[in-house]
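Both backbone and side-chain heavy atoms feed into the values below; hydrogens, waters and symmetry mates do not.
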Amino acid sequence: MEQAPLPVIAIVVPCYNEQEALPVAAPVLLDVLNRMVAMGLASPESYVMCVDDGSRDATWAVIAQLHASDRRIKGIALAHNRGHQYALLAGLTSVMNRCDAAISIDADLQDDPEAMIEMVRLFVLGGKEVVYGVRASRATDTAFKRGTAHAFYTFQRIMGLETVYDHADYRLMSNRALQLLAEYGESNIFLRGIVPQIGLDTAMVTYDRRVRVAGESKYPLSKMLALSVDGITSFSARPMRWIFFAGVIIFCLTFLVALYVLVSYFFGSHTSAGWSSLMLSVWFLGSMILMAIGVVGEYIGKIFVEVKHRPRFAIKSEIRD
């Protein structure tokens, strides 16, 4: 019986100002590929695809140098900075139909590259088409980082967004999963919410988070909050539903206050309105109205972007040979 060919594995690495991290990360990723080939898990044709997300430093020049030293390092450069999710999508789209499975990992290698071996093993031997990399614990994080991360996932769940807990964008996807991902045509990209909707056979691999190999973090708290808002408003209408319920509650309270005012008027007690209660009512209702307008505006803004059907990214340069 003829043995099936070994799968081609593509490692997709989104890069933004990673001129310091890439020279350290590339040899590590190539070493992992070499070991997977030696284990009979991956084809020697496997490669690393670096995606330059409009970096302002010498990231693209570094990618070109790495390619010159090893042809398995390939790259695409986006025409301008589009953000991590779009860069990752561009990389996954570029390797679709050019690999049997793709693994996405950040250039800082805080997500342990050793976990890729188990991901590929589950793909090759277990038939899993999506394998999530999930953090085993957050013991190495500061108390603030740990608290904000847990709040991030909890808030998403409360708002109706289904994501994999303690999973970022470190995952393996088969070519079939990549093809299904390509059918999601929305402009507002939140891959952590889209990929679980694809379905297929999934598995999880746990790993311990490591320190960044070089450079600085590209995901401060402000970007985490923005990502959370994008995810919630892209996948759930629950915030607008909550606005309706808040309006119902305020109406009920207003009805009770109206009864109190009428009783006071007819029985002649406490007929003069207090300045404090008036001011509190005005500020409270004013803030609720502004919040409601803001939430609705967020959804309208997303509709505005979606109906334009503009390209999600543009590729300026490619290194594939």
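Remark: side-chain polar atoms of Ser55 are paired, donor with acceptor, to backbone N or O of Asn17 under 3.5 angstrom. Panel note: side chain Ser317, backbone Ala77; no donor-acceptor pair is recorded below 3.5 Å. Looking at Ser43, its side chain does come within 3.5 Å of a backbone N or O of Glu45 through a donor-acceptor pair. When atom types are taken as modelled, the side chain of Asp111 and the backbone of Ile105 share no donor-acceptor pair closer than 3.5 angstrom. Looking at Lys74, its side chain does come within 3.5 Å of a backbone N or O of Arg320 through a donor-acceptor pair. Looking at His67, its side chain does come within 3.5 Å of a backbone N or O of Ile73 through a donor-acceptor pair. For the pair Ser104 (side chain) and Val12 (backbone), a donor-acceptor distance under 3.5 Å is absent. Without hydrogens or angle criteria, Asp31 side chain to Pro27 main chain gives no donor-acceptor distance under 3.5 Å. A donor-acceptor distance shorter than 3.5 angstrom exists from the side chain of Ser174 to the backbone of Ala177, with no hydrogens or angles considered.
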Should Asp112 and Arg209 be marked as a salt bridge (Lys or Arg N to Asp or Glu O under 4.0 Å) after you check the CA-CA gap, both sets of side-chain angles, and the distance that decides it? CA-CA 6 Å; Asp112 188 1; Arg209 185 84 160 171; over 6 Å; no
Residue pair Ile11, Met116: steps toward the side chain to side chain contact (heavy atoms under 4.5 Å, CB included) verdict: CA-CA 9 Å; Ile11 300 177; Met116 289 192 288; 3.8 Å; yes
Working note: Asn175 + Arg98, criterion side chain to side chain contact (heavy atoms under 4.5 Å, CB included); need CA distance, chi angles, decisive distance, verdict. CA-CA 8 Å; Asn175 189 60; Arg98 297 180 179 180; over 6 Å; no
Where do Arg82 and Asp53 land on the salt bridge (Lys or Arg N to Asp or Glu O under 4.0 Å) test, with the steps shown first? CA-CA 6 Å; Arg82 292 291 291 134; Asp53 184 23; over 6 Å; no
Side chain to side chain contact (heavy atoms under 4.5 Å, CB included) between Ile63 and Asp52, intermediate numbers included: CA-CA 8 Å; Ile63 294 173; Asp52 180 14; 4.2 Å; yes
Go through the steps to decide whether Tyr16 and Arg56 satisfy the test side chain to side chain contact (heavy atoms under 4.5 Å, CB included), and finish with yes or no. CA-CA 8 Å; Tyr16 178 66; Arg56 299 179 181 179; 3.8 Å; yes
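Residues Ile9 and Ile103 approach most closely at CG2-CD1, 4.0 Å, considering heavy atoms. Shortest non-hydrogen contact noted between Ala107 and Ala21 is O-CB, 3.8 Å. Arg171 and Leu88 get closest at one heavy-atom pair: NH1-CD2, 4.4 Å. Here the closest heavy-atom approach between residue Leu66 and residue Ala26 is recorded as CD1-CB, 3.8 Å. Across all their heavy atoms, Val62 and Leu22 have their closest contact at CG1-CB, 3.9 Å. The minimum heavy-atom distance linking Glu18 with Thr59 is given by the pair N-OG1, 2.9 Å.
Ile319 places a side-chain heavy atom less than 4.5 Å from the side chain of Trp60. Side-chain contact between Met49 and Leu92 is absent, with no heavy atoms from C-beta onward closer than 4.5 Å. Taking 4.5 Å as the limit, some side-chain heavy atom of Met39 sits within range of a side-chain heavy atom of Arg121. Within the 4.5 Å cutoff, the side chain of Val205 has no heavy atoms near those of the Val134 side chain. Residues Val131 and Thr202 have side chains not in contact (no heavy-atom distance under 4.5 Å, counting atoms from C-beta outward). Side-chain contact between Asp169 and Asp106 is absent, with no heavy-atom pair separated by less than 4.5 Å. For the pair Met119/Met204, no side-chain contact is recorded, criterion being any heavy-atom separation below 4.5 Å from C-beta on.
No more than 12 heavy-atom neighbours from other residues, nucleotides or ligands sit within 6.0 angstrom of CZ on Arg176.
Note that CD1 of Ile76 and SG of Cys50 are 10.0 Å apart. Values are rounded to the nearest 0.5 Å. Here the straight-line distance linking atom CD of Glu114 with atom CG of Asp208 works out to 12.0 Å at 0.5 Å rounding. The CG atom of Leu33 sits 5.5 Å away from atom OG of Ser46, with the distance rounded to the nearest 0.5 Å. Here the CZ-CG distance, from Arg35 to Leu30, works out to 11.5 Å after rounding to the nearest 0.5 Å. Atom-to-atom distance recorded for Leu172:CG and Leu122:CG is 9.0 Å, nearest 0.5 angstrom. To the nearest 0.5 Å, the span separating CG on Leu180 from CE on Met96 amounts to 10.0 Å.
A side-chain donor-acceptor contact under 3.5 Å links Gln179 and Asn97.
Judged by the 6.0 Å distance and 45° axis criteria, Lys128 is not positioned over the aromatic ring of Phe123.
Linking Ile, Leu, Val, Met, Phe, Trp and Tyr whenever their side-chain heavy atoms come within less than 4.5 Å leaves Val37 and Ile117 in two separate clusters.
Between Tyr170 and Tyr207, the ring center distance clears the sub-6.0 Å criterion.
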